[in-house]
Amino acid sequence: MNDVSHILDPLNAVQREAVGAPPVNQLVLAGAGSGKTRVLTHRVAWLIDVEGVSPQSILSVTFTNKAAGEMRARIEQLVRVPAQAMWVGTFHGIAHRMLRMHHREAGLPQTFQIIDSDDQYRFIRRVMKNLEIDETRWPPRQMQWFINGNKEEGRRPENLSDAGDYAREQMLRVYRAYEEARERAGLVDFSELLLRAHELVRDNAELQAHYRKRLRHILVDEFQDTNSLQYAWIRILAGTAGKVFVVGDDDQSIYSWRGARVDNIVRFSEDFPGVQTTRLEQNYRSTAAILNTANGLIRHNTGRMGKELWTDGSEGEAIDLYAAYNEYDEAEYVINQSRDWIDNGGTRSDVAILYRSNAQSRVLEEQLIRADIPYRIYGGQKFFERSEIKDAMAYLRLMNSRADDPAFERIINTPTRGIGATTVDKIRHHAREQAMSMWQAAQALAAAGLSGRAANAVQSFIDLIERMHAAAETAALPEQTRIAIHDSGLYAGHEKDKSEKAEGRLENLDELVNATVGFVANDEDETMDPLTQFLTHAALEAGENQAGEWDDSVQLMTLHAAKGLEFPLVFMVGLEDGLFPHQRSIEDANGLEEERRLCYVGITRAMQKLHISHAESRRIHGTQNICAPSRFLRELPAAHLREVRPSIQSAQPVFAPSRWDTDETGPDGLKLGQQVRHGKFGEGVVLAFEGEGARARIHVNFDSAGSKWLIAGYANLQPVA
DNA sequence: ATGATGATATTTTTT
DNA sequence: ATATCATCAT
């Protein structure tokens, strides 16, 4: 008998039950902080070390590269045999791998490239231009949504009909034309990776048999986030003999808006035979006060699988609920509390500020800068998504494949070289008419069909790319990249620009060369040359949001971005109806429940202490709003809440009518909550009055100057409409 | 080709 | 308030 103590000892009874089960289909409902990753990794270790399963027979899928990386690292640490042969990766990564290996069977050119959503968006716009479809009537975003939505439901254009609906007919036209052009250019978008991989194992009996025989064990993380296509793919791969182990939490399903199907959890038990279900409810992250608050909130959702988080740890501090006057007051509160935490020996990186929408970060940032507290925003643009990087990559792509139309169109006039929209239009039309690539069309038109000036410009662009290709052909990747950046004139173009932004762009371009130096291509990979490997890496793993800068700083992020993370001290701000739950989700019940789950996710990020705040007044899209406290606040069990009043004066409890509802009138006929302008301090909001007559004072919170008490007689406040 | 002007929208985001 | 984007004038 193998020694299994290293696998089972660190687990509780329920976790053990899941990890040590015989090979059956399993559904693990894992609450927040219940050790879900641990169960997943230990299960893999169990299969390999105890059940004697070959690492080759295991497929473990996640959604993000980060999660996949962590999973592999933890498994390899645990397991006693080499496990490199095991397939661990994202859905897209694994799908890509299969398509490379079987590009012939999948009907793809060996050199196919991956385009990201931004490339796809541009591509769709281009296709619409060709079809002469009015962008203002048919937003390309909607077209993109339509196309990806259908792909992720497994539907090709031929599976769809317009049903006599004009709008649908237009969308279908675009879908068809897009597919045709994409196919011709040898490109694959993100949904296409999944759809192709699905069709590959669905329609190719030989490969289906091969993978069913090989992949005996499939494990899926964050199962509540799978879409229909991912579900179908797993099902085909598993067949009847494969064993599937899925881990998820229906209460943390917050991505239905991008195609995730929570009900896949329910379907799983119906579609797979003999599913053993386990509930992980013991939480190792948060205090009892925090967990009970979360439990109390999520109980208001219907149709749950049902879970209650518990801990054998201590009750902990109550949740502080702060009613701020406005967003500035709210930020001030957050900063004061954070300071206390840090002054009492905590570190800044213990602290997270979570908000519903990105726009809310601005005020917080301003105040953090003013308070001299370093912070870091989680999320934002990634390295390989920056436009200058995408330009450089487009040069590499075009050098690599002349048929890459999106790359061609991106850089034909970047940097500007006298090829205007008219010329590009002509090329695009010619390409369409002759069913050729834009590159071929450009060659044809440069020879005949363009005015002298345009023809010259196009011809020199063609010569440039050919020259670059020749120079780079035998070079190593870093040199190829250097050529793409410098010989193209990209670098020089930004150098001419003396702005601060351009400086950052140059740095990024230099960094791109560095990235290629640091990029270790897999020599043994026969399916891709190093350049293709790098391009794929860039598309599939767009890299870190922010370079380095992991020093000790307060963490700011949206609630969505916070999923999967934990922090000793958490602030959840902006709990106001219309903001959170967001206005657009309030009308429909499903939307509201998803917002509630999002709130649940936020609460369960906190380990030791949670602060929740809402503002009574907030500027949204430029206009001042009076905000009602979030309905979620009323759903939090009062037993663990402590209402914190603003120190200055009488705030009213959350559940009482807003204090702006009074019609108390102060000096000069000003009202509470009114927007006023001051000669020196600018605009602000009236917070309070004090005293009468000549000594009357008015408390105003100015947008930029902060809050001040002014003497009514001298202030000369002007009401703002 | 570039810059000014005005219209428009403005939740969440990975691959 | 702010950013993005199309359009138009230079």
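Residue numbers begin at 1 in each chain, while the letters A, B, ... track the order of the sequences.
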I'd like to know if [X] and [Y] make a salt bridge, using a cut-off of under 4.0 Å between side-chain N and carboxylate O.
X      : Y      : value
A:E594 : A:R584 : no
A:D425 : A:K129 : no
A:R258 : A:E152 : no

**Study point:** Aromatic plane relationship, A:H537 with A:F384 - under 30° parallel, 30 to 60° tilted, over 60° perpendicular
**Key:**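 Rings of A:F384 and A:H537: perpendicular, as their planes differ by over 60°.
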Exercise for review: For nucleotides B:dT13 and C:dT4, find the distance between their P atoms and express it as a whole number of Å.
Suggested key: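 My reading of the P atoms in B:dT13 and C:dT4 gives 16 Å.
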Point to revise | Separation between the C1' atoms of B:dT12 and C:dC5, rounded to whole Å | key: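 Comparing C1' positions in B:dT12 and C:dC5 gives a spacing of 23 Å.
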Exercise for review: State yes or no: are the ring centers of A:F63 and A:H92 separated by less than 6.0 Å?
Suggested key: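 They do not qualify: ring centres at least 6.0 Å apart.
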Rounded off to whole Å, could you give me the [atom1]-to-[atom2] distance for the [X] and [N] pair?
X      : N      : atom1 : atom2 : result
A:I419 : B:dT2  : CD1   : P     : 13 Å
A:Y255 : B:dT13 : OH    : P     : 6 Å
A:Q252 : B:dT12 : CD    : C1'   : 15 Å
A:L556 : B:dT12 : CG    : P     : 14 Å
A:N148 : B:dT14 : CG    : P     : 15 Å
A:R362 : B:dT10 : CZ    : P     : 19 Å
A:D588 : B:dT11 : CG    : P     : 16 Å
A:N625 : C:dA1  : CG    : C1'   : 12 Å

I want to verify a distance call: between [options], whose nearest atom is closest to the [X] side chain?
X      : options                : answer
A:E595 : B:dT13, B:dT11, B:dT2  : B:dT11
A:H582 : B:dT11, B:dT15, B:dT14 : B:dT11
A:H560 : B:dA1, B:dT15, B:dT13  : B:dT13
A:T416 : B:dT10, B:dT2, B:dT13  : B:dT2

Check your understanding: Stacking check: are the rings of A:H92 and B:dT15 less than 5.5 Å apart at their centres and under 30 degrees in tilt?
Key ->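 No; centroid distance or tilt outside limits.
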Practice item. May I ask whether A:H621 stacks on the base of B:dT10, given the cut-offs of 5.5 Å between ring centres and 30° between planes? Key: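 Answer is yes, a stack.
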Ignoring backbone atoms, test whether [X] places a side-chain nitrogen or oxygen under 4.0 Å from the OP1 or OP2 oxygen of [N].
X      : N      : value
A:K382 : B:dT13 : no
A:R141 : B:dA9  : no
A:R125 : C:dA6  : yes
A:T558 : B:dT13 : yes
A:N413 : B:dA1  : yes
A:N358 : B:dT13 : yes

Sugar-phosphate, base or nothing in reach of [X], heavy atoms under 4.0 Å:
X      : answer
A:N65  : sugar-phosphate
A:D225 : nothing
A:F63  : sugar-phosphate
A:S117 : base
A:E594 : nothing

Point to revise | Most 5' of A:T90 and A:A359 on DNA chain B, judged by nearest nucleotide | key: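 Nearer the 5' end of the strand: A:A359.
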Check your understanding: Between A:E152 and A:L598, who's closer to the 5' end of DNA chain B by nearest nucleotide?
Key ->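 Result: A:L598.
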**Study point:** With A:R304, the salt bridge (charged side-chain N to carboxylate O under 4.0 Å, His left out) member among A:D249, A:D250, A:D251
**Key:**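 Of A:D249, A:D250, A:D251, salt bridge (charged side-chain N to carboxylate O under 4.0 Å, His left out) with A:R304 is met by A:D251 alone.
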Check your understanding: Is it true that the NZ or CZ of A:R100 lies under 6.0 Å from the centre of A:F112's six-membered ring and within 45 degrees of the ring axis?
Key ->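 Cation-pi check for A:R100 and A:F112: passes.
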Review point. Is any N or O donor-acceptor pair between the side chain of A:R356 and the base of B:dT12 shorter than 3.5 Å?
Key: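 Indeed there is one.
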